[in-house]
S.K.: 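Submitted below is the structure of interest, expressed as structure tokens.
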Amino acid sequence: MSVFKSFTSNSSILKPSEATTAMIIQTSSYRVFSQRSCPSFRKTSNGSLFYFGRRSSVNVVSLLNITNYCTHSSDEFCSFSKRRSRGPVMAAKKAAEGAKQEDGKYKHTVDLPKTTFGMRANSLTREPEIQKLWNNNKVFKRVAEKNNGGNFILHDGPPYANGDLHIGHALNKILKDMINRYKLLQNYKVLQSLDQEARKDLAPLKLRAKAAKFAKDTVKAQMSSFKRYGVWADWDNPYLTLDPEYEAAQIEVFGQMAIQGYIYRGRKPVHWSPSSRTALAEAELEYPEGHVSRSIYAIFPLVSAPPNAGGPLNDFLPNVCLAIWTTTPWTIPANAAVAVNAKLQYALVEVVESLSEGFCLSGGSKKKRLGNVLKDEKKPFLIVALDLVSSLEAKWGVKLVIKKVLLGSDLENCRYIHPIDNRECLVVIGGDYITTETGTGLVHTAPGHGQEDYVTGLKYELPIVSPVDEDGKFTKEAGQFNGLDVLGEGNIAVVNFLDEHSLIIMEESYEHKYPYDWRTKKPTIFRATEQWFASVEGFRHAAMDAIGHVKWIPSQAENRISAMTLSRSDWCISRQRTWGVPIPVFYHVKSREPLMNEETIEHIKSIIAQKGSDAWWYLKVEDLLPAKYRDKATDYEKGTDTMDVWFDSGSSWAAVLGKRKSLSFPADLYLEGTDQHRGWFQSSLLTSIATNGKAPYSSVITHGFVLDEKGLKMSKSLGNVVDPRFVIEGGKNQKEAPAYGADVLRLWVSSVDYTGDVMIGPQILRQMSEIYRKLRGTLRYLLANLHDWKADNAVPYHELPRIDQHALFQLEKVVKNIRDSYENYQFFKIFQLRTEVNRVLEVARTGKLIGSSLEAKICIHTSDAYLASRLSELSAANNDADTLHRIFIISQAHILPSLENELVVNIPYSSECLIQEKSKVWIGVSRADGLKCERCWNFSPQVGSFLEHPTLCSRCYDVVSLQMPSAAVAVN
């Protein structure tokens, strides 16, 4: 293989305006089979070769392009005198200068492209027609049924049917469709388990029926949009999570987990939404920017210390207080302890100076207010983390003098007075969550209102107090605060109470991320309630092991889901709603003991499989209980909790892959947004591991979020939302928001690196539209060149011109690159493939020496004897298509024996480059000799040599003479 390589970094440029020229000639021992078109008007066909290659350190540039050639020897050119050829030459000059010629005189001698494939897409009309054709003829189903290469299962996750689709939906569904279509082309039976269900967000039977109608109407609307995106799927048979069969399978998964001991009921703090009046899973939360909490620095009076801390502290009692910081003052009524970090150092400090003159209470954008502690003349000694003394001085505007230093472990079992109800509480050792990044290093601990607090409380058997009801209001247990909203007036009341009793050092606004209910968009709280949980600890190790056997795309996704699975607490799977699938449990009326075993679960599953989950609400207890328990039906009542929606969707592998005959477990692929690492990916993993011991998927792809062109999150208030419907159909103002059609939207999806966040907007869509136009034009040209191709015209590989053999070699590389990218789901790499053809002459074109590359002549010199021999061989190739000037799409190419002045003096552009890092090659560019051939547009000194056809070159003259032999007379 001989390779010319552009070596611009080491090239020797003779003058600033000169071109750097690179050329490639490659031959290969690869055997690639070809079917070559050979119409009767030519001995070999016209064709175009585009080189697509992966970028590498070699920076190889292929300049192979052949157009309308005919193989013929050029040795038959005859010498002639200027006198005898003057007439034809003058005629040729006139033609070259634009003299009027007979219209299309040689058109019939050229095999021109023909096609009915239009230049314009007319997408608003044609796309719906094509999609209707697909649907009416069941194209997807027929292709899938015809394929025999095995099954490929892409399991589509259950989305929320909660309104119109957005651009994120388009990205997601089109990515899935691209994968499915590729697998269809690879002879797979593509089986996309498609879900279009909305969760039934309403209450008892009448409202459940209304919710089901809303869900199905939304399903219909969304399905129509997906079809308009050009998505192929078995739309007649989607799986719906409200189908009785699905609900029964979900009950079965729950039952298997319960029987194995993974399901339990307990009282512990969970995310609670007062606006929805239900517990929430982590995946049902969102963390909007800009949330501001009312934080306080408060003090709890110390009353006693154990012997190990008594020595240092007894001298200062009872005038010693623990300083705590909290962003949820409303939880202080439930305080059960103050936690410290055993390894941290703590300081007993004296407040010796009050607010300095330069201290600013505004704190910039933060609102601050000093409490009565710092306003009193006599100030208590405070215990804070040693590392935070200086920062607290600056924040409070005081001077703190260190009196004693203790370890956190020394403070364990100290006792303080509860700031509200005056009971004694303990100082306890907490975990690593206690740091010196913020606060005071001492943490107010309420086991009923926080997961870390709860874990610490279990260790010390602290009471789990949670005096808050389902509406987020204080209960009677909170005493004077009863009935107040904990996120509103209740929070304020607690702060005021503490300050009135001189227990507030400072109040300060604090902006941070805070959990909101993803449905109501309102803040949530932590609240201890009786709930049903799945014990993740029981199968965490198996889940972590399974993660390592799944292919994650991108690879860093494995780290993310591993971290989330490793750190997650037990899964709260119960919800206080009357829509959804019920938790199949009965409670004893008096003892409240639950009745739930293999028999009761199996009986309820069989009922739901026939009647649907509504049966739980309209059947009586005696009808829902198995026969052996019916005589005790009056002793029990039905539970009212339903399952977490993530348990619903997390059971889809069992309800769909495990139940449909055409599908199998596990799925080949799951594909969703990156937020599903804590959602569907994880819930599916946990339910599958708990019941099957293996992951429900072999591969998982995650994509990022869609941002606007500036990288900003889309927001109606910013006016930067991109509606996929407007992308396809256009907006009201077609000039500002033109209709691009689904193909441009799909092209955008194929172009972006979806593994991170992606951007879209008017400018990007305009660029995509232009690329689409060029792509359509290229496809149109390729189709047009095949208009008269027949299988009988196939040419054996060894008889093809060398340039065609090379073209097939390059084509095979392109196909391999594309296939590799599809197999690795890297569609954007396919899109980014670019040909570097024609770069070699660009500088000469910029310098106005030439316009078309056919106006150029290239001269080449190399001192490498072997390379020079190869170049000379190509220059004199018997097959005209293999000659150098055909390869480089120029009119002439010459190999120079040397660089003597007389040979290069008239060459205006030149450069040097290295070939294969060793052979130096000099390349010169000048204008081609002769005149332009009217038929092929190549420049040739032979133009003007033929009386009958004075505007043709010798090659075209020979072709025309074969078709019109009586008119062909050469001038000698």
Side-chain angles (χ1 to χ4, degrees), residues 38-48 65-114 785 788 801 803 850-858 875-894 927-972:
C38 295
S40 58
F41 285 174
R42 57 198 176 190
K43 293 183 180 178
T44 56
S45 71
N46 67 307
S48 296
N65 195 322
I66 50 179
T67 308
N68 298 330
Y69 64 80
C70 180
T71 304
H72 197 279
S73 173
S74 59
D75 296 336
E76 301 172 11
F77 294 147
C78 302
S79 61
F80 50 87
S81 68
K82 292 181 180 180
R83 181 181 59 81
R84 294 189 64 186
S85 64
R86 184 172 298 166
V89 170
M90 291 302 293
K93 284 185 176 179
K94 287 181 180 180
E97 292 169 2
K100 187 175 181 180
Q101 299 290 313
E102 181 181 344
D103 277 349
K105 182 177 180 180
Y106 298 108
K107 183 177 181 180
H108 68 285
T109 70
V110 181
D111 190 7
L112 294 174
K114 296 179 183 178
N785 269 292
D788 58 353
I803 184 67
I850 61 172
S852 164
S853 62
L854 291 175
E855 297 175 10
K857 174 174 71 175
I858 286 182
S875 294
N878 292 328
N879 191 322
D880 182 72
D882 283 338
T883 58
L884 278 180
H885 71 283
R886 300 295 183 211
I887 291 174
F888 295 121
I889 324 174
I890 56 176
S891 287
Q892 292 126 31
H894 297 294
R927 279 195 64 85
D929 299 329
L931 300 173
K932 182 179 180 179
C933 174
E934 181 185 356
R935 183 174 181 273
C936 71
W937 299 357
N938 280 263
F939 283 73
S940 171
Q942 311 302 325
V943 175
S945 301
F946 310 101
L947 277 175
E948 288 293 321
H949 305 287
T951 59
L952 299 185
C953 66
S954 59
R955 187 189 71 147
C956 289
Y957 173 76
D958 291 340
V959 174
V960 172
S961 296
L962 291 173
Q963 300 172 50
M964 298 179 293
S966 61
V969 179
V971 177
N972 293 313

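Worth knowing before you read on, the calculation uses all heavy atoms, side chains too, and leaves out hydrogens, waters and symmetry mates.
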S.K.: Sequence neighbours excluded, which residues qualify as side chain to side chain donor-acceptor pair (under 3.5 Å) partners of His894?
M.R.: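 Listed in chain order: nothing, the list is empty.
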
S.K.: Give, for atom OG1 of Thr951 and atom CG of Leu931, the distance between the pair rounded to the nearest 0.5 Å.
M.R.: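 Answer rounded to 0.5 Å: 10.5 Å.
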
S.K.: Decide yes or no on side-chain contact (heavy atoms from CB on, under 4.5 Å) for His949 and Tyr106, but give the supporting numbers first.
M.R.: CA-CA 10 Å; His949 305 287; Tyr106 298 108; 2.6 Å; yes

S.K.: Rounded to the nearest 0.5 Å, what separates atom SG in Cys953 from atom CH2 in Trp937?
M.R.: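 The SG atom of Cys953 sits 13.5 Å away from the CH2 atom of Trp937.
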
S.K.: Quick one: do Cys936 and Cys956 satisfy side-chain contact (heavy atoms from CB on, under 4.5 Å)? Show the steps, please.
M.R.: CA-CA 7 Å; Cys936 71; Cys956 289; 3.5 Å; yes

S.K.: Can you tell me how far apart CG (Asn938) and CG (Leu952) are? Round to the nearest 0.5 Å.
M.R.: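 If we round to the nearest 0.5 Å, Asn938:CG and Leu952:CG are 12.0 Å apart.
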
S.K.: Measure the CG-NE2 distance between Leu854 and His885 for me, rounded to the nearest 0.5 Å.
M.R.: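 Answer for the CG-NE2 pair, Leu854 versus His885, is 9.5 Å.
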
S.K.: Would you sort out whether Phe939 and Arg927 count as a side-chain contact (heavy atoms from CB on, under 4.5 Å), showing the intermediate values?
M.R.: CA-CA 9 Å; Phe939 283 73; Arg927 279 195 64 85; 4.2 Å; yes

S.K.: Quick one: does any side-chain atom of Arg935 pair with a main-chain N or O of Thr109 as donor and acceptor, under 3.5 Å?
M.R.: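 Checked: pair present.
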
S.K.: Within this structure, what is the CZ-OG distance for the pair Arg955 and Ser940, rounded to the nearest 0.5 Å?
M.R.: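 One gets 10.5 Å once the value is rounded to the nearest 0.5 Å.
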
S.K.: Roughly how far, to the nearest 0.5 Å, is CD1 of Ile803 from OG1 of Thr883?
M.R.: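 One finds 9.0 Å between OG1 of Thr883 and CD1 of Ile803.
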
S.K.: Please check: side-chain N/O of Ser891 versus main-chain N/O of Glu855, any donor-acceptor pairing under 3.5 Å?
M.R.: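 No.
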
